[in-house]
Amino acid sequence: MMENLIINRKFWFTKVIFVCSCIIIFFLISTVSKECQRYKAINAYVEFVEGKRSCMGEYILELAMPTGEPERRNATFYYIVDSTGDGLPELHVWGTYYTIITFRDHELTVLDSFCSSSAAGMYYLLENGMIVYQEYVKNVYGNYYHFFILDDSGNHMEKLSFGWEDLGDNYKFDCDDLYEFDDEICKREEWFEKIQGYLYIDENGREYVCDEADWKVYCEAR
């Protein structure tokens, strides 16, 4: 009886060691594989920025070039960061349009592209890869901010939103203005507490998104 118990313990101990070893090996292989993919993606992005590689038949110079004006350039910037949450980075290019490029199946592909302007609403990239869309309020002064990441198809996955409307029409944050945070109406003081770390408002009432990415210059406007 005692001998069988010892044998069973040894059997289960050996089985547990085997399962743990398999898990560790799988984790190591997965980590090495992801690091390899990350390296390949960054290398492809660098080649694109250097003009050595195209994305869907288009080079970065074409993204910086105003339509029909081959001698001119729009100010164009780039930044590499993960904006899908899968651990692999994307290439963000800010020029005529805001274009997000991903590395998939050994090829560069446009994941998303949108217009960022004072008329259409502004987009901001954060250091952590999250994107912020500043939506302008119609009819009255005010702004709404939508924080989102992308999925593998380029769909926007909203994580947070907040905003305010200047109902007094005096360009000031008054108590009787409309304040929202994640679709809930707030009082002014509560709203200011909740937006800390997301939005900075200076003494003149100007709004700044916190933790913006430090874009690298591809070319200056000319």
Side-chain angles (χ1 to χ4, degrees), residues 26-135 145-161 209 211-222:
F26 175 79
F27 174 77
L28 290 174
I29 292 174
S30 177
T31 301
V32 170
S33 176
K34 179 152 287 189
E35 280 301 310
C36 183
Q37 293 179 55
R38 185 175 181 276
Y39 171 80
K40 289 180 179 179
I42 292 175
N43 187 61
Y45 299 150
V46 170
E47 289 181 347
F48 179 77
V49 171
E50 292 177 345
K52 300 175 182 177
R53 186 170 188 151
S54 68
C55 173
M56 303 176 70
E58 192 169 33
Y59 288 86
I60 190 171
L61 184 61
E62 297 172 82
L63 297 181
M65 188 186 302
T67 304
E69 300 179 82
E71 301 303 320
R72 293 190 58 209
R73 299 288 181 271
N74 288 324
T76 304
F77 309 87
Y78 68 95
Y79 197 81
I80 298 175
V81 67
D82 176 20
S83 289
T84 60
D86 63 356
L88 300 175
E90 283 72 46
L91 172 64
H92 299 250
V93 180
W94 189 304
T96 306
Y97 293 93
Y98 183 171
T99 304
I100 303 172
I101 296 171
T102 188
F103 183 70
R104 188 176 297 164
D105 299 326
H106 308 290
E107 297 291 340
L108 294 177
T109 306
V110 174
L111 185 61
D112 198 4
S113 182
F114 30 77
C115 178
S116 181
S117 68
S118 56
M122 294 294 295
Y123 286 86
Y124 302 90
L125 175 64
L126 305 187
E127 292 177 347
N128 62 6
M130 192 170 289
I131 303 166
V132 183
Y133 171 56
Q134 180 184 2
E135 175 190 4
Y145 297 87
H146 305 274
F147 292 66
F148 65 92
I149 61 173
L150 304 172
D151 66 12
D152 290 339
S153 299
N155 298 310
H156 297 189
M157 312 293 289
E158 188 164 286
K159 298 297 182 180
L160 171 72
S161 68
V209 174
D211 301 321
E212 277 194 74
D214 185 15
W215 292 85
K216 302 184 184 305
V217 178
Y218 167 70
C219 69
E220 301 286 358
R222 69 169 191 261

For E90 and S83, work out which heavy atoms get closest and say how close. OE1-N, 2.6 Å
Please report the C-alpha distance between F148 and L160 in whole Å, then the side-chain angles of each, then the deciding distance to 0.1 Å, and finally whether the side-chain contact (heavy atoms from CB on, under 4.5 Å) criterion is met. CA-CA 7 Å; F148 65 92; L160 171 72; over 6 Å; no
Just do the side-chain contact (heavy atoms from CB on, under 4.5 Å) check on M65 and N74 with the steps written out, would you? CA-CA 6 Å; M65 188 186 302; N74 288 324; over 6 Å; no
Looking at D82 and G87, would you say the former's side chain and the latter's main chain have a donor-acceptor pair under 3.5 Å? yes
Value for CE (M130) from CE (M157), rounded to nearest 0.5 Å, stands at 11.5 Å
Identify the heavy atoms of R222 and E71 that sit nearest to each other, and give their distance. NE-O, 3.7 Å
For residues W215 and Y98, establish whether the separation of their ring centroids is below 6.0 Å. yes
For the atom pair SG (C55) and CG (L63), what is the distance rounded to the nearest 0.5 Å? 8.0 Å
May I ask you to decide if P89's main-chain N or O and Y45's side chain share a donor-acceptor pair within less than 3.5 Å? yes
Could you measure the distance from the CG atom of D112 to the CD1 atom of I131? Nearest 0.5 Å is fine. 7.0 Å
Can you name the nearest heavy-atom pair linking M56 to V110, along with the distance? SD-N, 3.3 Å
For H146 and E135, run side-chain contact (heavy atoms from CB on, under 4.5 Å): C-alpha distance rounded to whole Å, both residues' side-chain angles, the deciding distance at 0.1 Å, then the answer. CA-CA 8 Å; H146 305 274; E135 175 190 4; 2.8 Å; yes
Minimum heavy-atom distance S54-L108, with the two atoms named: O-CD1, 3.8 Å
In the structure I gave you, are the side-chain heavy atoms of I100 and L91 within less than 4.5 Å of one another anywhere? no
If you measure only the distance, is there a donor-acceptor pair under 3.5 Å linking the side chains of H92 and Y78? no
Heavy atoms of other groups near Y97 OH, more than 12 under 6.0 Å: no
Does any part of the side chain of K159, heavy atoms only, come nearer than 4.5 Å to the side chain of I149, both counted from C-beta? yes
Here the pair of heavy atoms bringing A64 nearest to C219 is CB-SG, 3.8 Å
Checking Y123 against Q134: is there a side-chain donor and acceptor pair closer than 3.5 Å? no
OG1 of T102 to CD of E107: how many Å apart, nearest 0.5 Å? 12.0 Å
Classify the side-chain pair D151/H156 by whether it contains a donor and acceptor separated by less than 3.5 Å. no
Do any N or O atoms from the side chain of R72 and from the backbone of T67 form a donor-acceptor pair under 3.5 angstrom? no
Output the distance between atom CG (L150) and atom CG (N155), rounded to the nearest 0.5 Å. 8.5 Å
Minimum heavy-atom distance V49-Y218, with the two atoms named: O-CE1, 3.4 Å
Neighbour count >12 (heavy atoms, 6.0 Å) for atom CD, E69: yes
First locate atom CG of L111, then atom CZ of F103, and finally report the distance between them rounded to the nearest 0.5 Å. 14.5 Å
Please report the C-alpha distance between T109 and I101 in whole Å, then the side-chain angles of each, then the deciding distance to 0.1 Å, and finally whether the side-chain contact (heavy atoms from CB on, under 4.5 Å) criterion is met. CA-CA 6 Å; T109 306; I101 296 171; over 6 Å; no
Is there a donor in the side chain of D86 and an acceptor in the side chain of T84, or the other way round, less than 3.5 Å apart? yes
Can we say R53 and E47 salt-bridge, meaning some charged N sits less than 4.0 Å from an Asp/Glu carboxylate O? yes
Heavy-atom distance under 4.5 Å between the side chains of Y145 and F147, does that happen here? yes
